[in-house]
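Right, one structure below, let's go through it.
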Amino acid sequence: MALSSCASFLQHLPPNNEATTSSIITLHSLSLPSTLHFATNPNNNKSSFLLLSGDQYCNRSDVFRTSVSFLPAFFTNKTKNAKVLKEELLEAILPLDRGADASPDDQLTIDQLTRKLEAVNPTKEPLKSDLLNGKWELIYTTSASILQTQRPKFLRSRVNYQAINADTLRAQNMESWPFFNQVTADLTPVNSKKVAVKFDYFKIGGLIPVKAPERATGSLEITYLDEDLRVSRGDKGNLFILKMVDRSYRVPSK
């Protein structure tokens with residue numbers, strides 16, 4: 001009998017001081033043939049291994065070792081799952097031009113993969129974590145306004161960044177070529193993973209400051225955060241997936 005199968009019988013083992021040659025348990029509830037015997041160790045007249053039909057057996061100590069060795073795998077399973085889910089998500093995102101080429105079916109697939117990753121989020125209070133700080137590159141979003149899908153491709157921002165500094169509660173969104181527009185914002189915590197966003201200044205071409213209107217507000221919930229990947233969801237239902245590019249970056253003060 002395989003060692004892994006032996007572990008399933010752990011619940012049937014009697015204490016060492018109770019087991020004798022005559023101990024027998026009929027396996028009514030298990031889909032296995034025949035009967036399970038507790039065979040006697042001739043050295044101490046106590047049960048030390050399990051004897052099954054066909055003279056198959058496994059040692060009691062092997063059962064215990066199997067049980068104990070399962071524990072590290074149990075505790076690391078969540079980390080392994082997160083790694084696999086991240087790889088699946090990033091692979092699915094890769095051909096979608098940050099979401100601009102995503103069909104409704106693509107968007108559904110990405111959302112489903114993202115929700116699985118969010119379920120194993122290792123950072124339960126992201127606003128209290130140093131992992132949040134720095135400059136992040138947007139690699140996928142469902143926001144048409146950020147993707148600028150209404151424009152020809154040559155007029156769309158090639159790369160978009162978002163920087164957050166949790167200690168100063170400041171954020172900054174940045175476009176790259178051809179326009180280099182920017183906007184900064186104040187953040188107000190709603191809870192340990194969600195903030196209200198109040199934009200204060202736009203910078204046209206990254207140079208000309210324009211005060212943002214009072215209605216320029218929103219919210220952002222950070223639903224997954226680790227050393228190099230962040231997932232956020234906005235108040236309009238949009239999904240944002242970003243990768244870390246510069247942990248030392250600081251958002252300009254007002």
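Along the sequence shown, residues carry numbers from 1.
In this structure, the side chains of Arg156 and Leu147 stay at 4.5 Å or more apart for every pair of heavy atoms. Within the 4.5 Å cutoff, no side-chain heavy atoms of Phe180 are placed close to those of Ile204. Counting heavy atoms from C-beta on, the side chains of Tyr224 and Pro122 come closer than 4.5 Å. Side-chain contact between Gln148 and Ile146 is absent, with no heavy-atom pair separated by less than 4.5 Å. Side chains of Leu229 and Leu242 form no contact here, defined as non-hydrogen atoms less than 4.5 Å apart. The shortest side-chain heavy-atom distance between Phe202 and Asn181 does not fall under the 4.5 Å cut-off. Side chains of Val159 and Glu137 form a contact here, defined as non-hydrogen atoms less than 4.5 Å apart. Residues Leu169 and Thr188 are not in side-chain contact: their nearest non-hydrogen atoms beyond the backbone lie 4.5 Å or more apart.
Atom CG of residue Leu131 and atom CD1 of residue Ile164 lie 12.5 Å apart, to the nearest 0.5 angstrom. Rounding to the nearest 0.5 Å places CD of Gln162 at 8.5 Å from CG of Leu138. Note that CG of Leu207 and CD of Gln182 are 8.5 Å apart. Values are rounded to the nearest 0.5 Å. Rounding to the nearest 0.5 angstrom, the gap separating the NZ atom in Lys203 from the CG atom in Asn173 is 14.0 Å. Within the model, atoms CG of Leu220 and CD1 of Ile222 stand 6.0 Å from one another, a figure rounded to the nearest 0.5 Å. Once rounded to the nearest 0.5 Å, the distance linking CG of Leu127 with CG of Asn191 reads 7.5 Å.
With sequence neighbours excluded, the residues forming a side chain to side chain contact (heavy atoms under 4.5 Å, CB included) with Asp130 are Asn133, listed by chain and number.
Salt-bridge annotation for Arg247 and Asp228: absent, with no side-chain N of the basic residue lying under 4.0 Å from a carboxylate O of the acidic one. Residues Glu221 and Arg233 are not paired through a salt bridge, judged by the lack of any N-O separation under 4.0 Å between the basic side chain and the carboxylate. In this structure, Asp235 does not pair ionically with Lys194, as no charged nitrogen and carboxylate oxygen lie closer than 4.0 Å.
Not a single donor-acceptor pair under 3.5 Å links the side chain of Asn165 to the backbone N or O of Asp167. Between the side chain of Arg170 and the backbone N or O of Pro252 there is at least one donor-acceptor pair closer than 3.5 Å. Panel note: side chain Thr142, backbone Leu239; a donor-acceptor pair is recorded below 3.5 Å.
Around NZ of Lys193, the count of heavy atoms belonging to other residues, nucleotides or ligands within 6.0 Å does not exceed 12. In Gln150, the CD atom is crowded: over 12 heavy atoms of neighbouring residues, nucleotides or ligands sit closer than 6.0 Å. With a 6.0 Å radius and a threshold of 12 heavy atoms from other residues, nucleotides or ligands, Lys86 has its NZ atom above the threshold.
Following chains of ILVMFWY side-chain contacts shorter than 4.5 Å, one cannot reach Ile110 starting from Leu225, and the two form parts of different hydrophobic clusters. Hydrophobic clustering (side-chain heavy atoms under 4.5 Å, transitive across Ile, Leu, Val, Met, Phe, Trp, Tyr) keeps Tyr161 apart from Trp136. Leu132 and Val195 fall within a single hydrophobic cluster, where Ile, Leu, Val, Met, Phe, Trp and Tyr side chains are chained together by heavy-atom contacts under 4.5 Å. Follow the hydrophobic side-chain contacts under 4.5 Å out from Met174 and you reach Val245 in the same cluster. The hydrophobic clustering, which links ILVMFWY residues whose side-chain heavy atoms are closer than 4.5 Å, places Met244 and Phe240 together.
For Thr184 and Gln172, the side-chain atoms include no donor-acceptor pair closer than 3.5 Å. For the residue pair Ser145 and Ser143, a side-chain donor N or O sits within less than 3.5 Å of a side-chain acceptor on the partner. Under the 3.5 Å distance criterion, with hydrogens and angles disregarded, a donor-acceptor pair is assigned to the side chains of Arg230 and Ser232.
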Assess whether side chain to side chain contact (heavy atoms under 4.5 Å, CB included) is satisfied between Leu85 and Val120, documenting all intermediate values. CA-CA 9 Å; Leu85 289 170; Val120 293; 4.1 Å; yes

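The shortest non-hydrogen separation linking Ala82 to Leu117 is O-CD1, 3.7 Å. Taking all atoms of both residues into account, the shortest heavy-atom contact from Phe154 to Trp177 is O-CZ3, 3.7 Å. Summarising the geometry of Ser248 relative to Asp246, their closest heavy-atom pair is OG-OD1, 2.7 Å, with the distance given to 0.1 Å.
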With a 3.5 Å cut-off and sequence neighbours excluded, list the donor-acceptor pairs that the side chains of residues 89-107 form with protein atoms.
unit_1 : atom_1 : unit_2 : atom_2 : d
Arg98  : NH1    : Asn160 : OD1    : 2.7
Arg98  : NH2    : Ser157 : O      : 2.9
Ser103 : OG     : Asp105 : N      : 3.4
Ser103 : OG     : Asp106 : N      : 3.1
Ser103 : OG     : Asp106 : OD2    : 3.1
Asp106 : OD2    : Ser103 : N      : 3.0

